[in-house]
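One structure below.
Every chain is numbered from 1 and lettered A, B, ... according to where its sequence line falls, protein lines coming before strand lines.
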Amino acid sequence: MSYQIKPLLKLYSLACASVLLSSVSSCGVPADGDSVGELRGTVLEVPILKPDLVLTDTEGGLYDLRAETDGYLSLVFFGYTNCPDVCPVHMATLAGVFDELAPEVRDATKVIFVSTDPERDTPDRLRQWLRAYHPSFLGLSGEMEAINAALAEMKLPGVAVVPGQHGSEVTIGHPSAVLAFGRDGLARVRYPFGVRRADWVNDLPLLLSENP
Amino acid sequence: MNWWCFAQPGTAWTWQWQPLIGVWLVMVLLIWVYQRLLSRTDDSHESSRLRKSRRVAFASAIFLLWASLDWPLGPLGASYLASVHMVQFLVVGIAAPALLLLALPTAAYQPLRRHPRLTKALSDLTHPVAAFFIFNIMMTATHWPGVVDLLMPTQLGSFVLNIAWMLGGLIFWWPLIVPVPDRPGFHSLGKIAYLALNAFLIRPPFAMMIFSESPIYAIYELAPPPARDALNDQQLAGAVMKIGSAWIMFAGVLVIFRSWMLAESDRPESA
C-alpha cells in the first residue's frame, strides 16, 4: 500500500511552525495579537487626578495616597478580600506581572489595594491576603464615606453592599477596573477586568516612560 | 441547567453540584451502542477471560469519561485549571479511545469488510502514517491558545473540542487495535516504534505551556480561584500532558511487546 507522506509532513510542519511562532511571540508580549508599543488599557478621554485620600495601612499608620505615591506609577484598585472573582484574578495577574517586570519598572510601580469591606478586612487579614500574592502590594482601609467620595472623584461606581441570601456571606459590589496613575498623579488609562498579564507587561514600562 | 461543561470567565468557582445533562446522555448512548453491537456479535470463539476483559475495558472507559467530563472535573477543567483540562485530554483523547476499541470483540469489526468503500476510507484514514499526523495535528490544533479561548466559552465549542479529541484518539489507536483493514506489514516492532515516537515527540503545545513566560490561555489566566497562579498551573498542565501521554503510550508498548513475545513462544518450531 503506497501512501503520500510528503503532503502530510508539510501540513504538520506548518502547524508546528505556526504554533511555535505564536509561542515565541507570547513570551512577554501579546497573547491577542496587539502590537508592542501601544497601550492595551482603555485610554481615558479626560485624565483623572489622583484623589486626595488619607487611609490606614495594614500596620495601622496613616497613608496619604498622594504624598506616599508621588513620583511612582500607582495602580489603584478597590476590592475586598472575600471577593470570589474579580479581586483575586486582578491580584494574581499583577503578582505575575511583578515577577516578569524589569527591576527598575517594578521598583517604580506601586499596587494599592483599597478595601471596600473594612468590617471584615482587618489590617491583619488584608496584609496576609495581599502578601500571599506579592509582598510589595499595599493594603489600605478607611471610612466608607471617604472611599465612596474618592470613587466618585475617579468617576468609578460606588460601593454597594449586597446582603447574603439563604445564609450566604455578604457580597460587596465594587469597581472592577484598576486605575493607573502616572508619576504626575494623573490617570490616563484604566484596566477593566479581562486585562491579561502580557498587556500589563507591555503597558507598565510605557506608562513610566511617558512620565519619566 | 447546562448540558456540557464550558468556560465561564470571571465566574467564581462553587462546590455546588450542577447537572451536565449532555454528559449523561453521551454515556447512555455509548452504553446503548455497545450493548447493541455485542448483541449482534458472536464472540463465543473468545475465551471467557477475554470477554470479561473487554467488559472491564468498556466499563473503565465509561467511568473515566464520565468522571472527567461531569461535575466537578468537567467545569474545573473547562473554566478554571489548565492542569485539569489536560487530565481530561489524557482521558478523552488518549485513554478512553483505546479502551473503547479494545472493548469490542474482534468479530464486531468484521462486518466493516462488507463495505469496500468504507474499508478503503478506513485503510487511508487509519494508515499508521496518516493516523500519526492526524492525531498530532489534532492535538496541536485543539491546544492552540486561540482555538481553546474561542471554543471553550460555549457549550457547543467545548463539546466540539471533546469530540475532536475522541476522534483523534480513535484514529490514533485504530491501526494498533482494530483488525480491519488488514495491515500485514504493520508488525509488532512497527507498532512499538509508532507508540514510542509519539511518547517521545515534543509537541508545540507542550513547549508553549512549559516555556512561555506568560499564561497562554486567557480563560485560565482570568479564572478566579481555585486557580492561584495561572503560569504554574499551565506548566503543570504541560507536564501532565507530556508525562501522562508518555505513560499511556509506554503501557501500550508493554502490552504489544507481551503479545508479541507470547505469539513468538506459541509459534511451532520449524524442524
### Summary
Applying a strict 4.5 Å limit to non-hydrogen atoms, the region of A/Val195 in contact with chain B is backbone
#### Entry: Contact origin within A/Ala95 toward chain B - heavy atom pairs under 4.5 Å
neither
### Message
Among B/Trp165, B/Tyr217, B/Phe6, B/Tyr80, exactly one meets ring pair (Phe, Tyr, Trp, His ring centres under 6.0 Å) together with B/His85. Which residue is that?
### Response
B/Trp165
### Query
By side chain to side chain donor-acceptor pair (under 3.5 Å), which residues pair with A/Lys50, not counting sequence neighbours?
A/Thr69
### Task
Can you sort out the partners of A/Arg106 under side chain to side chain donor-acceptor pair (under 3.5 Å), two or more places apart, ordered by chain and number?
none
### Query
Between B/Asp182 and B/Arg113, does a salt bridge (Lys or Arg N to Asp or Glu O under 4.0 Å) hold up when you go through it step by step?
CA-CA 10 Å; B/Asp182 297 314; B/Arg113 295 185 193 278; 3.0 Å; yes
### Query
B/Ala218 versus chain A, heavy atoms under 4.5 Å apart: side chain, backbone, both or neither?
both
#### Entry: Residue pair B/Gln234 / B/Glu221, side-chain heavy-atom distance below 4.5 Å
no
### Summary
Within residues 76-91 of chain A, the residues sitting under 4.5 Å from chain B by heavy atom, in sequence order, are A/Pro84, A/Asp85, A/Pro88, A/Val89
### Message
Under the rule for side-chain contact (heavy atoms from CB on, under 4.5 Å), what residues qualify as partners of B/Val84, not counting sequence neighbours?
### Response
B/Leu73, B/Leu76, B/Leu81
### Chi angles and distances behind the salt bridge (Lys or Arg N to Asp or Glu O under 4.0 Å) call for A/Asp199, A/Arg196
CA-CA 5 Å; A/Asp199 301 324; A/Arg196 299 182 63 184; 5.8 Å; no
### Query
Any idea how B/Tyr194 and B/Phe172 line up, ring-wise: parallel (<30°), tilted (30 to 60°), or perpendicular (>60°)?
parallel
### Message
Quick check on the interface: out of A/Gly194, A/Gly96, A/Ala92, who has the most heavy-atom pairs with chain B under 4.5 Å?
### Response
A/Gly194
